[in-house]
Enquirer: 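Got a structure here, written out as structure tokens. Questions coming.
All values below were derived from every heavy atom in this structure, side-chain atoms included, with hydrogens, water molecules and symmetry-related copies excluded. As the structure is a prediction and not an experimental result, all values here were calculated from the model.
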Amino acid sequence: MIPETQQIRIGLSTTNPCNYLEGEEERVAVALDQTIHCNQGYELLLANGFRRSGGTIYTPHCPSCNKCQAIRLSISDIELSKSQKRLINKASHLRWELKNEMDENWFELYSLYITERHSNGSMYPRKEPSFSSLPVVNG
């Protein structure tokens, strides 16, 4: 259980070229305390602009840019546009399911994403052992 007031150790990454905005630099603040890596801690950090990628819980802390903003939406408050409704109808043949184990093709999909979007970032080159051992946030 996370106390109401808690100090959280935060580390700062080095400054790197931004993967999303050409000509910008990125830097992230990373939550270092493993005790915060649980459902309640993650919810607290999400409410304060943090995100999770694999086992890393971070928030952008860029030197000269603040364009990356975490956005949380209440699903019940979303009103879909006509084009969004059309897309949902087009995708009605697709399905999703939760699994306890990874399918063999997940790493290939992850590899394509990393190569396309993060080929000069810290996630590249993609590594199957680290992908297969990503932690799951749980209570």
Enquirer: Could you identify which residues cluster with L94, counting Ile, Leu, Val, Met, Phe, Trp and Tyr as linked when any side-chain heavy atoms lie under 4.5 Å apart, either directly or through a chain of such contacts?
Expert: none
Enquirer: Looking only at atom types and distance, does a side-chain atom of N48 sit under 3.5 Å from a main-chain N or O of L44, one as donor and one as acceptor?
Expert: yes
Enquirer: Going by the rule side chain to side chain contact (heavy atoms under 4.5 Å, CB included), which residues pair with S74 if we only count those two or more places apart in sequence or in a different chain?
Expert: S76, D77
Enquirer: I78 and I88: same hydrophobic cluster, using ILVMFWY side-chain contacts below 4.5 Å?
Expert: yes
Enquirer: Which pairs, with at least one residue in residues 103-119 and sequence neighbours excluded, count as a salt bridge (charged side-chain N to carboxylate O under 4.0 Å, His left out)?
Expert: K99-D103
Enquirer: About how many Å separate CZ of F107 and CG of L112, when rounded to the nearest 0.5 Å?
Expert: 10.0 Å
Enquirer: Strictly distance-based, threshold 3.5 Å: is any side-chain N or O of R27 a donor or acceptor partner for the main-chain N or O of S13?
Expert: yes
Enquirer: Suppose the criterion is side-chain hydrogen bond (donor to acceptor under 3.5 Å, both in side chains): which pairs have a residue in residues 80-89, not counting sequence neighbours?
Expert: S81-S83, S81-Q84
Enquirer: Testing the basics here: between T59 and G49, what is the closest heavy-atom pair and its distance to 0.1 Å?
Expert: OG1-O, 3.0 Å
Enquirer: Taking all heavy atoms of I8 and all of A31, pick out the closest pair and write down the distance.
Expert: CG2-CB, 4.4 Å
Enquirer: Closest heavy-atom contact between T15 and P63?
Expert: CG2-CG, 4.1 Å
Enquirer: Can you pull the salt bridge (charged side-chain N to carboxylate O under 4.0 Å, His left out) pairs that have at least one residue in residues 87-96, sequence neighbours excluded?
Expert: R95-E97
Enquirer: The criterion is salt bridge (charged side-chain N to carboxylate O under 4.0 Å, His left out); which residues satisfy it with E25, sequence neighbours excluded?
Expert: none
Enquirer: By side chain to side chain contact (heavy atoms under 4.5 Å, CB included), which residues pair with R9, not counting sequence neighbours?
Expert: L32, D33
Enquirer: Mind checking what makes side chain to side chain contact (heavy atoms under 4.5 Å, CB included) contact with C18, not counting sequence neighbours?
Expert: Y20, L21, E24, E26
Enquirer: Using side chain to side chain donor-acceptor pair (under 3.5 Å) as the criterion, list what pairs up with K67, not counting sequence neighbours.
Expert: none
Enquirer: Is it the case that one hydrophobic cluster holds both I57 and I10, taking links as side-chain heavy atoms less than 4.5 Å apart, direct or via other members?
Expert: yes
Enquirer: Salt bridge (charged side-chain N to carboxylate O under 4.0 Å, His left out): which pairs involve residues 14-23, sequence neighbours left out?
Expert: none
Enquirer: To the closest 0.5 Å, what do you measure between SG (C62) and CG (N16)?
Expert: 10.0 Å
Enquirer: Could you give the distance from OG (S111) to CG (N105), rounded to the nearest 0.5 Å?
Expert: 11.0 Å
Enquirer: Mind checking side chain to side chain contact (heavy atoms under 4.5 Å, CB included) for L46 and listing every partner two or more places apart, or none if nothing turns up?
Expert: Y42, E43, R72
Enquirer: In the single-linkage hydrophobic clustering (I, L, V, M, F, W, Y; side-chain heavy atoms under 4.5 Å), do Y58 and I36 co-cluster?
Expert: no
